[in-house]
A.B. asks: 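One structure follows; several queries about it will come next.
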Amino acid sequence: MDAFIYLLSWALLVGGGFFCVVGALGLLRMPDAFTRLHAASVIDTLGVGMIVAGLMVQSGLTLTTARLGIILLLVFFTSPVASHAIARSMRHRNVKPVLSEDRTGEGG
Amino acid sequence: MGQVISLAIVLLVFWLTLSGIYTTFLVTAGVISAVVISVLAYRMDVADREGHPIHLSLSAITYWPWLVWQIILSGLNVTRLIINPSLPISPTLTLVKMTQKTDVARVTYANSITLTPGTISVDMEGDEILVHAITSDNATDLEAGEMDCRCTQFEGST
Amino acid sequence: MTMFVAAALAVLVSLGLALVRVIKGPTIFDRLIAGNSVGTLSVLLLAVIGYVFGRPAFIDLAITYALLNVIGTIAVLKFFRYGDLGAGEDEAGP
């Protein structure tokens, strides 16, 4: 059982670290601000989720796990708010996204 | 009234989780703060069905695991796009209909769209959400409306 | 122990990459997006460092950072939209 927990938290921590690096790479590679938001949301969901889950598995049923759960809930509830606020204010500032297809029918 | 009592319990649990030291003084202080804040929230009319939606907790139990699964799937999809050397993205703007009635369910839907990597809700126009998707496939999946349907169920099964 | 160091290193590398975007970012929004990611990553780094040094008190710091992060982003957005932090949408002054 101990070996299982050990391996599971290794896998979760390494996986989470991988997704963090991938998200940050996406921040560098994506062509415009809207697509960079998608890369940032990989960090906010998979990166945070897997690393915090790995830490939770490691500490078992303790108060620390409950605190990590609070972090997880906070990040999951607030990161879409921040992304949406950025996207909305880009639209109101008339930042035009680089599009390959526009299905809204407004043109542009 | 149920909302106010549940808010007090949630606040007390939050206090106890963060404190970790259970002396009589600290626990009493926690109870007092939880009660005072709940009374204030009641007087400010923020502890209502919209501010503290406990009637949705049952539907959350079935909705959240599905949402987590969607997040994992689309996260892997975006990861594949990013590490692909040719960067095969096709950004798409689209309008998605929403069939939810209440504001809580609409916020849940828009937040779920944003939380899922690959789609971001940009603006809300009447009954439609303006969505920016990183590939046209993501936009097509969202237009098919499974998430919309789930969110309407989430709201409906009170 | 090793696994926490590995995770902390990965988070540090991504912090560095995000900082490059903060410095390069052509528009203010690119910098904001990258800054938001730096905030999220520092929450993770704090949580992992708590395990590396065996001091769980770092988790409380991480909670505080998670709370401050979103408030900071929205405050900066409001500032660049209205030019000050106080006025709302319908009371934006002259």
Side-chain angles (χ1 to χ4, degrees), chain A residues 6 9-28 30 32-34 36-37 39-44 47-48 50-52 54-55 58-59 62-64 66-68 70-75 77-83 85-90 92-93 95, chain C residues 2-22 24-41 43-48 50-51 56-60 62-74 76-78 80-81:
Chain A
Y6 183 76
S9 54
W10 250 116
L12 285 170
L13 285 170
V14 169
F18 170 74
F19 284 116
C20 283
V21 175
V22 163
L25 259 182
L27 276 179
L28 286 182
M30 288 296 179
D32 77 325
F34 277 95
R36 279 175 201 140
L37 270 175
S41 79
V42 174
I43 300 181
D44 284 348
V48 172
M50 286 183 78
I51 287 191
V52 171
L55 297 179
Q58 192 63 31
S59 53
T62 54
L63 212 56
T64 316
R67 288 179 195 175
L68 286 169
I70 290 177
I71 293 185
L72 203 61
L73 279 182
L74 270 178
V75 172
F77 273 91
T78 57
S79 84
V81 176
S83 301
I86 295 175
R88 192 178 140 93
S89 79
M90 280 198 281
H92 284 247
R93 274 297 191 86
V95 178
Chain C
T2 332
M3 56 180 129
F4 301 132
V5 176
L9 279 178
V11 173
L12 272 176
V13 168
S14 11
L15 260 175
L17 291 174
L19 273 179
V20 173
R21 177 49 75 194
V22 172
K24 267 172 66 178
T27 68
I28 185 75
F29 296 109
D30 295 294
R31 290 175 215 269
L32 257 178
I33 294 163
N36 196 30
S37 299
V38 168
T40 313
L41 287 169
V43 171
L44 276 183
L45 188 63
L46 277 172
V48 176
Y51 280 79
F58 272 90
I59 308 269
D60 298 341
I63 292 176
T64 319
Y65 265 61
L67 276 170
L68 284 175
N69 188 21
V70 67
I71 296 172
T73 305
I74 288 173
V76 173
L77 278 172
K78 264 195 105 127
F80 277 97
R81 185 138 172 224

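Worth saying up front: this structure is predicted, and the values here are computed from it rather than measured. Quick note on labels: first sequence line is chain A, next is B, and so on, each numbered from 1.
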A.B. asks: Can you see which heavy atom on A:M30 is nearest to which on C:R21, and at what distance?
C.D. replies: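 Minimum heavy-atom contact is O-NH2, 4.4 Å.
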A.B. asks: Contact between C:M3 and A:Y6 at the side-chain level, heavy atoms closer than 4.5 Å - yes or no?
C.D. replies: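 Yes; the side chains approach each other to less than 4.5 Å.
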A.B. asks: So if I apply the side chain to side chain contact (heavy atoms under 4.5 Å, CB included) rule between A:T78 and each of C:T40, C:V70, C:N69, which one comes out positive?
C.D. replies: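 For A:T78, the side chain to side chain contact (heavy atoms under 4.5 Å, CB included) check succeeds only for C:V70.
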A.B. asks: With a 4.5 angstrom heavy-atom cut-off, could you sort out which part of C:I63 is near chain A: side chain, backbone, both or neither?
C.D. replies: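 Answer is both: backbone and side chain atoms of C:I63 are under 4.5 Å from chain A.
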A.B. asks: Would you give the length of the straight line joining atom CG of A:L13 to atom CZ of C:F4, rounded to the nearest 0.5 angstrom?
C.D. replies: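 The distance works out to 6.0 Å.
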A.B. asks: Do the non-hydrogen side-chain atoms of A:T64 and C:I59 ever get within less than 4.5 Å of each other?
C.D. replies: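 A side-chain contact under 4.5 Å exists here.
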A.B. asks: So which of A:V22, A:I71, A:L25 has the biggest tally of heavy-atom pairs under 4.5 Å with chain C?
C.D. replies: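 Ranked by heavy-atom pairs under 4.5 Å with chain C, first place is A:I71.
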A.B. asks: So which part of C:L41 gets closer than 4.5 Å to some heavy atom of chain A, the side chain, the backbone, both or neither?
C.D. replies: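 The side chain, not the backbone.
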A.B. asks: Let me know if A:I70 has heavy atoms under 4.5 Å from chain C in its side chain, its backbone, both or neither.
C.D. replies: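 The side chain, not the backbone.
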A.B. asks: Go through A:L55, A:V48, A:D32 and name the one with the most non-hydrogen pairs under 4.5 angstrom from chain C.
C.D. replies: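 Top option by heavy-atom pairs under 4.5 Å: A:L55.
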A.B. asks: Of all heavy-atom pairs between C:A34 and A:L27, which one has the smallest distance, and what is that distance?
C.D. replies: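 Reported closest heavy-atom pair: CA-CD1, 4.3 Å.
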A.B. asks: Is A:V14 in contact with chain C via its backbone, its side chain, both, or neither, using a 4.5 Å heavy-atom distance?
C.D. replies: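 Looking at A:V14, nothing touches chain C.
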A.B. asks: Would one find more than 12 heavy atoms of other residues, nucleotides or ligands at under 6.0 Å from atom OH of C:Y65?
C.D. replies: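 No, OH of C:Y65 has 12 or fewer neighbouring heavy atoms, counting only those of other groups under 6.0 Å.
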A.B. asks: For A:L28, is it the side chain, the backbone, both, or neither that has a heavy atom closer than 4.5 Å to a heavy atom of chain C?
C.D. replies: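 Contact with chain C is through both the backbone and side chain of A:L28.
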A.B. asks: Please state whether the side chain, the backbone, both or neither of A:S41 comes within less than 4.5 Å of a heavy atom of chain C.
C.D. replies: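 No part of it gets close to chain C.
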A.B. asks: Please classify the contact of C:A6 with chain A as side chain, backbone, both or neither, using a heavy-atom distance under 4.5 Å.
C.D. replies: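 Side chain of C:A6 only, per the 4.5 Å heavy-atom cut-off to chain A.
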A.B. asks: Mind ranking A:Q58, A:R36, A:M90 by heavy-atom pairs under 4.5 Å with chain C and telling me who comes out on top?
C.D. replies: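 The answer is A:R36.
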A.B. asks: Using 0.5 Å steps for rounding, measure from the CG atom of C:L32 to the OG atom of A:S83.
C.D. replies: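 Result: 11.5 Å between the selected atoms.
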A.B. asks: When rounded to the nearest 0.5 angstrom, what is the spacing between CD1 in A:I43 and OG in C:S14?
C.D. replies: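 It comes to 6.0 Å.
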A.B. asks: Specify the closest pair of heavy atoms between C:A47 and A:L68, including all atoms of both residues, with the distance to one decimal.
C.D. replies: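 Looks like CB-CD2, 4.5 Å.
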A.B. asks: To the nearest 0.5 angstrom, please state how far the CG atom of C:N36 sits from the OG atom of A:S79.
C.D. replies: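 Between atom CG of C:N36 and atom OG of A:S79 there are 8.0 Å.
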A.B. asks: Give the minimum heavy-atom separation between C:I74 and A:A85, together with the two atoms involved.
C.D. replies: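 Reported closest heavy-atom pair: CG1-CB, 4.3 Å.
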